[in-house]
**Q** 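What follows is a single structure, and I will ask about it in a moment.
Computation of the quantities below employed the complete heavy-atom set of this structure, encompassing side-chain atoms and omitting hydrogens, waters and symmetry-equivalent molecules. Every number for a ligand or one of its atoms is a count from 1 in the order of the listing. Start at 1 with the first residue, then count along the sequence.
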Amino acid sequence: MSEQKIPIAYDHPDPARSSCSTAQAWAKKPREPEAGDKAELTERIKRLLKEQDAVLVAHYYVHPDLQDLAEATGGIVSDSLDMANFGHQHPAKTIVVAGVRFMGETAKILNPEKRVLMPDLEAECSLDLGCPADEFAAFCDAHPDREVVVYANTSAAVKARADWMVTSSIALPLVRHLHAQGKKILWAPDRHLGGYVQEQTGADMLLWQGSCIVHDEYKAKELQELKAQHPGALVLVHPESPRAVVQLADVVGSTSQLISAAQKAANTEFIVATDNGILHKMRTLCPEKTFLEAPTAGHGANCTSCSHCPWMAMNGLSNLLAVLERGHNEVRVDPVTGERARLPIARMLDFARQIKLPTRGIGNA
Ligand code: 13P
Ligand code: SF4
């Protein structure tokens with residue numbers, strides 16, 4: 001594999017971008033409301049969403065309360081591709097994104113005329129933090145012969161430098177398409193997803209060395225042991241996981257693709273290597289099946305995430321209600337950057353339509 005070692009990992013020299021941010025994120029996790037308060041909060045949020053012509057778009061990793069609320073109010077809970085698609089197609093004047101910042105920014109870039117709100121604007125992503133725009137621009141400048149493909153988990157400024165944006169559900173067909181055209185690829189920021197795509201497609205890819213703090217912690221040896229204890233279990237793995245973990249998978253895919261595999265498979269037991277927020281949807285859709293979390297502990301584990309994204313955990317009912325009441329936490333993207341960043345996203349959405357990738361927009365949610 002063509003690979004450039006560049007000193008980008010999660011421990012960024014800038015303290016604001018260092019691994020302390022995981023501790024800061026956990027510290028900002030909203031307190032769980034009491035059961036009685038929860039019902040009241042939910043009712044107030046429902047009323048405000050309606051009054052403000054707002055739609056709630058949530059990721060599978062956020063708290064089950066928010067996932068259920070999104071669906072109960074005509075919004076969506078989905079992977080990042082469908083979040084972008086659905087928000088773009090929906091007629092609501094306000095999009096409320098329960099997820100992390102790149103998801104809010106993508107919604108704003110695709111819908112500059114709409115108001116986009118988030119429960120907490122500091123909900124980051126280690127991949128985004130580990131790929132600063134200035135360093136990424138220098139990387140691109142050094143390799144002008146390559147088609148620049150960036151993962152959705154990046155800032156607007158990084159997307160503005162790209163030819164294509166991809167999410168995990170479309171990365172393989174898109175890179176296959178570029179490889180068939182003889183294109184060499186510069187890929188950022190997730191090294192595990194990039195490595196997986198490179199192996200599957202045979203494309204010439206130069207990889208940025210970023211990683212997801214949640215998926216990086218799954219352990220192959222412990223997963224093998226768990227598999228041995230549950231020989232009938234199907235192993236579902238998100239491709240942001242390390243290669244040794246992906247190699248043990250029966251199914252590798254985006255969050256939506258893993259849920260769909262769990263629904264379709266005849267197996268009754270599953271081992272899931274992705275953020276445990278996804279288990280809510282899996283258990284709701286397949287109540288008769290058993291879902292086990294893939295192990296993160298073991299030699300070398302530091303458990304900054306323990307299978308749950310600290311930034312996704314910053315979304316809660318209380319701060320969702322607060323943004324609707326006060327109208328703060330509006331996502332803003334510099335218009336010039338946003339216009340340029342829109343190109344790689346729009347190209348990806350067009351490509352998804354061309355290849356008829358199953359997506360969940362309005363009318364087929
Ligand atoms: P999906 O697009 O598969 O939902 O992934 C988003 C993400 O952040 C995974 O960590
Ligand atoms: Fe980013 Fe990982 Fe959190 Fe997904 S789970 S948002 S990739 S840190």
**Q** Transitively linked via ILVMFWY side-chain contacts under 4.5 Å: L226 with V214?
**A** yes

**Q** Report yes or no: do V331 and L48 belong to one cluster of Ile/Leu/Val/Met/Phe/Trp/Tyr joined by side chain heavy-atom distances under 4.5 Å?
**A** yes

**Q** Are L178 and L357 linked, directly or through intermediate hydrophobic residues, by side-chain heavy-atom contacts shorter than 4.5 Å (ILVMFWY only)?
**A** yes

**Q** Under a 4.0 angstrom heavy-atom cut-off, which atoms of ligand 1 come close to D79?
**A** 1 (P), 2 (O), 4 (O)

**Q** Identify, by atom number and element, the atoms of ligand 1 in contact range of S254, meaning under 4.0 Å from any of its heavy atoms.
**A** 3 (O)

**Q** Near W311, which atoms of ligand 2 are under 4.0 Å from a heavy atom of that residue?
**A** 8 (S)

**Q** Is it possible for you to say whether L292 and V246 belong to one hydrophobic cluster, with membership spreading through side-chain heavy-atom contacts below 4.5 Å?
**A** yes

**Q** Do T255 and ligand 1 have an N or O pair less than 3.5 Å apart?
**A** yes

**Q** At under 4.0 Å between heavy atoms, is it the side chain or the backbone of Y61 that contacts ligand 1, or both, or neither?
**A** side chain

**Q** If we ignore hydrogens and angles and just use 3.5 Å, is the side chain of K184 paired with the main-chain N or O of E147 as donor and acceptor?
**A** no

**Q** In the protein, which heavy atom is nearest to atom 3 (Fe) of ligand 2, and how far is it?
**A** C309 SG, 2.4 Å

**Q** Run the contact test for C212 against ligand 1 with a 4.0 Å cut-off on heavy atoms, strictly below, and give the result.
**A** no

**Q** Do R115 and Q52 pass the side-chain hydrogen bond (donor to acceptor under 3.5 Å, both in side chains) test, and can you show the C-alpha distance, the side-chain angles, and the key distance before you say yes or no?
**A** CA-CA 10 Å; R115 188 171 69 137; Q52 298 184 18; 2.7 Å; yes

**Q** Ring centres under 6.0 Å, that's the criterion: do F139 and H143 meet it?
**A** yes

**Q** With a 6.0 Å cut-off (strictly less than), is the heavy-atom count around CD of Q200, excluding the residue itself, greater than 12?
**A** yes

**Q** Might you point out which heavy atoms bring H328 and L117 nearest each other, and give the distance in Å?
**A** O-CD2, 3.6 Å

**Q** May I ask you to identify, for N153, whether its side chain, its backbone, both or neither come under 4.0 Å of ligand 1 on a heavy-atom basis?
**A** side chain

**Q** Is there a heavy atom of D275 sitting under 4.0 angstrom from any atom of ligand 2?
**A** no

**Q** Only one of T255, L193, V272, V245 forms a side chain to side chain contact (heavy atoms under 4.5 Å, CB included) with H238, so which one is it?
**A** T255

**Q** Quick check: do E135 and P132 have side-chain heavy atoms less than 4.5 Å from each other?
**A** yes

**Q** Just going by heavy-atom distances, which of R101, E240, H59, H308 is nearest to atom 7 (S) of ligand 2?
**A** E240

**Q** Where does the angle between the aromatic ring planes of H177 and F351 fall among parallel (under 30°), tilted (30 to 60°) and perpendicular (over 60°)?
**A** tilted

**Q** Taking 4.0 angstrom as the limit and counting only heavy atoms of V214, give me the atoms of ligand 2 inside it, by number and element.
**A** 5 (S)

**Q** For L127, take its heavy atoms, then give the atoms of ligand 2 lying under 4.0 Å from any of them.
**A** 7 (S)

**Q** What protein heavy atom lies closest to atom 2 (O) of ligand 1? Include the residue and the distance to one decimal.
**A** S80 OG, 2.4 Å

**Q** How are the rings of H215 and Y218 set relative to one another: parallel (under 30°), tilted (30 to 60°) or perpendicular (over 60°)?
**A** perpendicular

**Q** Looking at ligand 1, is there an atom of it that comes within less than 4.0 Å of some heavy atom belonging to M83?
**A** no

**Q** Backbone or side chain, does any N or O of T167 fall under 3.5 Å from an N or O of ligand 1?
**A** no

**Q** Within a distance under 4.0 Å of any heavy atom of E240, pick out the atoms of ligand 1 and give their elements.
**A** 7 (C), 9 (C), 10 (O)

**Q** If you count the atoms of ligand 1 from 1 in the order shown, which ones are under 4.0 Å from a heavy atom of S168?
**A** 1 (P), 2 (O), 3 (O)

**Q** Just to confirm my output: which protein heavy-atom neighbour is closest to atom 5 (O) of ligand 1, and how far is it?
**A** H238 NE2, 3.4 Å

**Q** When you look for heavy atoms under 4.0 Å from ligand 2, do you find them on the side chain of N153, its backbone, both, or neither?
**A** side chain

**Q** Of all the non-hydrogen atoms in the protein, which one sits nearest to atom 1 (Fe) of ligand 2, and at what distance?
**A** C125 SG, 2.4 Å

**Q** At a 4.0 Å cut-off, with the gap strictly under it, does some heavy atom of Q257 reach an atom of ligand 1?
**A** no

**Q** Going by heavy-atom distance to atom 2 (Fe) of ligand 2, choose the closest among C212, G277, S168, P310.
**A** C212

